[in-house]
Amino acid sequence: MSVTKTYSAKDVESKWYAHWLEKNYFHSEPDDREAYTIVIPPPNVTGVLHMGHMLNNTIQDILIRKARLDGKNACWVPGTDHASIATEAKVVKKLREQGIKKSDLTREEFMKHAFAWKEEYGGIILKQLQELGASCDWERTRFTMEPSLYDAVIKVFVNLHKKGQLYRGLRMTNWDPAAQTVLSNEEVIHTEENKNLYHVRYKVVGTDDEYITVATSRPETIPADTALAVHPDDPRYAKYHGRKVIVPIANREVPIITDDYVALDFGTGALKITPAHDMNDNALGEKYGLEVIDLLNADGTLNENAIEFVGMDRDDARVEFVKLLKKTGDLLETKQYRTSVGRSERTNAVVEPRLTMQWFLKMDDMAATALRAVESGDVKFHPESMVNMYRSWLKPENARDWPISRQLWWGQRIPAWYYNDNVFVAETAEEALLQAQRKLPLENLTLADLKQDEDVLDTWFSSWLWPISVFDGFKDTKELEYYYPTNDLVTGWDIMFFWVARMVMAGYEFAPELLGEDFVKKNGKMPFKNVYFTGMVRDEKRQKMSKSKGNSPNALELLKTYGADGVRFGMLSSAAAGNDIVFDAPMVDGKVLDQSELCNQGKKFCNKIFNANRLIQSFEVTDSLPNPTAMLAAKWLEAKLNHTIVEVDRMLAEYRVNEAMMTLYKFIWGDFCSWYLEAIKPGEGEAISQQTYEATISAFERMMTLLHPFMPFITEEVWHDLRDRKEGEDCVVSSWPKAATYNADIVKSFTLLQDTVSSIRDIRNQRKVGKREPLALYVNQSASSEQLLGANAGAVEFLRKAGALKSVELTTEAPANALPFLIGNDKAYLVLNEIIDVEAENAKINEEISRLEGQLKGVTKKLANERFVANAPDAVVALEKKKMADWTAKVESLRAMLG
RNA sequence: GGUCGAUUAGCUCAGUUGGUUUAGAGCGUUGCAUUGACAUUGCAGAGGUCACAGGUUCGAGCCCUGUAUCGACCA
C-alpha cells in the first residue's frame, strides 16, 4: 500500500509517458490489421497550447486510444502548419529587433531566417501536447513547408491549372496594408466600431448654389470618386437625374447615377461612389461603366491621385481632408455612428478593399461536390446539426472563388513564370522555359528572360491537402492506400469552411487520380468518414477564451496544477459535441489558482481511484470460501460492469464522448467504490477470500482499461499495481473489455436492496438515529420478499452490514414502535428504540397514498380512453396496465401500514 | 438587415425518430456523520408549472405557428 494518502500526478505522468515512448506504442506502420487514422488539425507553427487545442486534442486522444485498445492499427499523425502571415510577421519583427529590415534581404536570405526561426520555436506546441498525454505517432510529425509537402502543393497547383480550374484576375480583394497581402473573406474579422459619418456637399453642375449632400465615412477617398448615386424613387433628388456634380477638392465632374442599391433612410440618401475602394461601389462601377481611380499604395498611404497629402497614411489623411473640407465649407456635419469594420485576423489592421491581380481557384464545382459529400452521408458530421452551417457556406449562391495568392515570402512560391503577358505554369523553371520556348516565336529564350510570380500560396492551400500529403500521397501511394480515407477528424466549427470543406474538396478531387477508380469505389474518396466538431472554450462570462483577451489560463500551468488527467476530465465533463464549453479557470494576475471546480472534480476522481487501489492492496487474502455477501456483491458488480460496457460502447459509437466518461465516473465512484467495496470490505482483523479478491481485481482492471482513453496516466499506474505485469504488458495496449451477457435480474434485485438501505439511512437521518445504534428490520412475508431475501444468498447479511442492522426478519404482522416503508411493494418496518408518533407517521403515509392515487387517476383515465387503447402501440398500453397494477399494489400496502 | 441555432434545477448540460410513473445527471447548496482506503470523504435531503401564448394529437420538454430573450454566422 502506498504510504501517501493522496495521488500525485506529476511523477506518474512523466514516468508513463516516457515509458510509452520508449516502447514505441504510438507508432504505426501499415500491416494486416484494420487501420484507424486521425490527422491532427495542424496548429500554427507559431502557436502555444491553448484551451481550444487541449479540448480538441483530448478528444482525438480518446478516440485514438480507444481504437488502439480495440486492436486496430491506430495512427494519429501530428504536425504543424507554416501559418504564412502569422509566422512571417513574427520573423519580420524579430529581424527588426536585430536591426534587419526585410526589404534589405533577398528572398533566399529571408527564408533562411524563417526556417531558423521555425527550428527554434516550431516544436513548442508539440512538446506541450505530450504533457497533455497525446498519443501521437511522433515519428510521423509533418510540417506544411517541409520539402515533400511543399512539392505536393506545387504539383496540385500545376494539376489544377492544367484542368483550367485556376485563373488570374484583377479583383476587389481584402487588402491587409500592414502585412501587404490579400486576405480571403474568412480572414477578415468584422466587429462593430464607432466611426464618424461626414456629410459633404457636392455642387450640382450648372447651378450656383444647389448641392447634393452625401454621407461618407471615408472623406479621404473623395479624390477617387467617379459618381454620385441616389435612389431612383427618392423625390429629394428626382430633379437631378441625368445631371452631374463637382467632386470637392478634385474639382472633377462626375455623373449622378440612380440605383436601388442606395438606402433611402441611411445618411442623406446620397452616396459617393469610389469603385477602387469599396466592394459595393466597385459592383456599381462595373454596372454603370464608371472610371476607376486608385489612390492608395500597398502600404495604405495615399498615392499621387489623391492630389493632397500624397504619401500620408490613410488614417492621418482622413483627418487632414476633414480639416480641408471644413475650410472650404463643404463639410456640413459630422455624426458618430456604429458600423461594422473589417480587420485583418492576423495583423488587426483595417482591411482595405483593393483591386489586385490574384490567382483564384474556381469554387462552383468543388463546392457542390463537397456539399454532396456531406449531404449524402459519405462524410458524417457530429453533431449532425452542423450540416446546416456547412450548407450555408457551400450552397451555390454563397460559394465564391478562392483567392489563393498571398503577397508574402513565407510559403510555397507560386509556380508561374511570366514573359510579358504570357504565363507558364510548371513544376520547375526549366519546364516553364520549355513551354515558353515552344510557344513563343523567340530565339535564345533563357531562364533569365522569365520572371517567376513573386507571391506565395495561402496556407490553407497546403493544409487542404493534409490528409493526403502527410502520407506523401502525391509522391507514392503505398501508405495512402493503407491509411486513406482517415476515420475521424476533430476540429472546431470555426474552421469548417477554411479547412474542413476544402479538405473534402481536395479529397474528392485528387483521391481518384492518386488511388485509382477501383480504390475509391471500394473505399470512398472522402478524406475522413466522420467529423467531430468541438465547441469553443469560453470563460464564465461566456467570452471565448483567447490569449489576447487574457482570459485563457496558461495551459502548462493548468496541467501542472491539476494533472493532465484532472484537466482532461474537467474539460470533457462539460463538453457535449458541438456545444461550447464554459470552463472555470480562476486566475489572479494571469496565474492559475487551484480553484477550478471542473478540474478539481477530475483531480478528486484520480484520488478516489488511487485510494480504492490502496484499499484493495491492503486486503489480506485467504483461501477460505467467500462469504455470501461478497459473492452476491461480486455477481452484481459483474452484471453492472457489463451493463456499463454496453452503455459506454454505445455512447462512444455515437460520439457522445463526455457522456461515456461520466457513465464511467458514476460507475466507478458510485457503484464500485461506494457500494461494492463497502460490501466486500472485511472487518478489522479479517481477511478477504481469494475468489472475491480475484473478482475485484478483474473488475477493477477492466475499469482501468475502460477509463484509460479518458484518463491515461492514473489508469496505467493503477493497472500496473493490480497484478504483476510482464514486460510489454501495459494498460495502453491492453484490450478493450467485451460486454458479456449479464443477468439483469441480479441488477434489479440488488437495486431493490440498495433502495432498502437508502430508506433505512433516510429514516435514521430524519430520526437522528446514528448508525452506531443497531436496529431491527422486519419485512412482510410474501413471495417477493422471500425471493429477495432468501434466494439471493447474502442479501440479509448485505442489508445488515450496509444498514447497520442487528437483525432482518420476515414477519406477518407489524411490530410495535416501528417506522414503515416499502421495499418494492412489500411492507417493511424499521424498529426504533423510541415511541413513534403514530399520527404523524400516518399523515406521511397518507400523503404518499394520495400522491400515488393522483398518478393512478392519470393512468386510469388513459386506459379508459378508447382512442388511447385503440391507437397506442400494444407495448405502451401494456406498460400503462403494469403501472396501474404496481401502484394499486403499493397503495394497498400503504393502506395496510396505517396504524 | 439576412440566415441558422438556442431557451429544461443556483450553475453546466442530457433528454436518441411524441408513449417508463408527477422530467434526469454532474457540480454547487442544506442537514447529518466520521480516529483506518479517501475531508480531495460518507449518507441523506431540498431544488424545475421544461421561456411565453396558441395549435396538432388518444398522448407534447420533443411536432407546428406566433411572441420574447440570447447567441452565432453572413452582409
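Chain naming here is simple, since letters A, B, ... match the order of the sequence lines and numbering starts at 1 in each. Atom set for the values below is all heavy atoms of this structure, side chains included, hydrogens, waters and symmetry mates excluded.
Of the candidates G26(B), A37(B), G19(B), G26(B) carries the atom nearest the Met662(A) side chain, counting heavy atoms from C-beta on. The side chain of Lys666(A) approaches A25(B) more closely than any other nucleotide in the set A25(B), C27(B), A72(B). Here the nucleotide nearest the side chain of Arg772(A), chosen from C38(B), U35(B), C27(B), is U35(B). Taking every side-chain heavy atom of Arg656(A) into account, U16(B) is the closest of A37(B), U16(B), C73(B).
Under the 30°/60° scheme for interplanar angles, the aromatic rings of Phe750(A) and Phe798(A) are found to be tilted. Between Tyr7(A) and Phe610(A), the ring-plane angle classifies as tilted under the 30° and 60° cut-offs.
Shown here, A33(B) forms a base pair with U41(B); the pair counts as Watson-Crick or G-U wobble because both key distances fall under 3.5 Å.
For the C1' atom pair drawn from C64(B) and U30(B), the interatomic distance equals 43 Å after rounding to whole Å. On the C1' atoms, A60(B) is 16 Å away from C52(B), given to the nearest whole Å. Nucleotides G24(B) and G47(B) place their C1' atoms 13 Å apart, quoted to the nearest Å. U20(B) and A6(B): their C1' atoms are spaced 28 Å apart (whole Å). Taking the C1' atom of each, C58(B) and C70(B) are spaced 37 Å apart, rounded to whole Å. Rounded to whole Å, the separation between the P atoms of G48(B) and G10(B) comes to 7 Å. Remark: the separation of the C1' atoms in G2(B) and U49(B) is 36 Å, to the nearest Å. Rounded to whole Å, the C1' atom of U29(B) lies 24 Å from the corresponding atom of U22(B).
Residues of residues 748-764 of chain A having a heavy atom closer than 4.0 Å to RNA chain B, listed by number: Ser758(A), Arg761(A), Asp762(A).
The residue among Glu880(A) and Asn765(A) whose nearest nucleotide of RNA chain B lies closer to the 5′ end is Glu880(A).
With hydrogens and angles ignored, a donor-acceptor pair under 3.5 angstrom links the side chain of Lys608(A) to the base of C38(B). The base of U57(B) does not come close enough to the side chain of Arg867(A) for any donor and acceptor atom to sit less than 3.5 Å apart.
Contact check, Ser385(A) against C4(B): no side-chain N or O comes under 4.0 Å of OP1 or OP2.
Classification of Glu654(A) and Lys380(A) as a salt-bridged pair fails, no side-chain N sitting under 4.0 Å from a carboxylate O.
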